[in-house]
Amino acid sequence: NTTLGSTSGTSPRLYLKGTGNGQSDAGDVFLGSGTGGIVNIRSAGLMKFEVNSDSSTAEALRITSTGQVSVGTASPQANAKLQVNGNIGASQFYTTTTSAPQTDFNSDVATNKAGLLLRRSSETNGDYSGLEFHNHPSSNTAYRTGGIYFQSDGSGFGRGDIVIVNDGAGDSANLAI
């Protein structure tokens, strides 16, 4: 079903509503521009992406007019360009700023319970998690020459040792614990 509103005045409108799957408001909407084209979606305020099942609607993603993106929350923090309420999966995290500090992990929680948690779900003897330090422009996988780790001793209950490692060799090999 397609309803086209007035194309004059301040409120032109296009409303697309599909039916199917036994639900009154189900259906697919496809926006396409062809090869090499651009689809522009504009809003003076914010854009919400909602999902629903039958009569319930939940906001899944929001983009504000200031460029903030929030996933799983309708009210991103004022200083956050991206805010996610839930777990984030990523294969790599990096920063593109050249000012100091390049990456700042900060908590606005009003208690003394702020920190960065590095977790490994194994207690096998020799397994470790930690921070690695790298100062070479040509590779993200080589030249890791310093680190602070927590290494499991295999006895259970999260026990192990803090290990500080420094590799002073002039080569591209990574440090080893």
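Using a distance-only test at 3.5 Å, with no hydrogens or angles considered, a donor-acceptor pair links the side chain of D167 to the main chain of A169. The backbone N or O of A74 sits less than 3.5 Å from a side-chain atom of R62, completing a donor-acceptor pair. E123 contributes no side-chain N or O that, together with a main-chain N or O of R159, makes up a donor-acceptor pair within less than 3.5 Å.
Counting non-hydrogen atoms of neighbouring residues, nucleotides and ligands closer than 6.0 angstrom, the CD1 atom of I164 reaches no more than 12 such neighbours.
A heavy-atom distance below 4.5 Å is not found between the side chains of Y128 and V165.
Closest approach of T73 to Q83, counting heavy atoms only: CG2-CG, 4.2 Å. Taking each heavy atom of R144 and H134 in turn, the nearest pair found is CG-CD2, 3.9 Å. Minimum heavy-atom separation, P76 to T64: CG-CG2, 4.5 Å.
Under a hydrophobic clustering in which Ile, Leu, Val, Met, Phe, Trp and Tyr are joined whenever their side-chain heavy atoms come within less than 4.5 Å, directly or via other members, F49 and I88 fall into the same cluster. Cluster annotation: V71 is not connected to L46 through the hydrophobic network of ILVMFWY side chains, with a link wherever side-chain heavy atoms come within less than 4.5 Å. A single hydrophobic cluster is seen to contain both L82 and L61, as judged by linkage of ILVMFWY side chains at heavy-atom distances under 4.5 Å, directly or through other members. The hydrophobic clustering, which links ILVMFWY residues whose side-chain heavy atoms are closer than 4.5 Å, places L131 and Y143 apart.
Atoms CG and CG, on D153 and D127 in that order, are 11.5 Å from each other to the nearest 0.5 Å. Going from atom CZ of F133 over to atom CD1 of I148 covers 4.5 Å, rounded to the nearest 0.5 Å. Note that OG1 of T145 is 10.0 Å distant from CD of E132, once rounded to the nearest 0.5 Å. Remark: Q151 CD to D161 CG distance equals 7.0 Å, nearest 0.5 Å.
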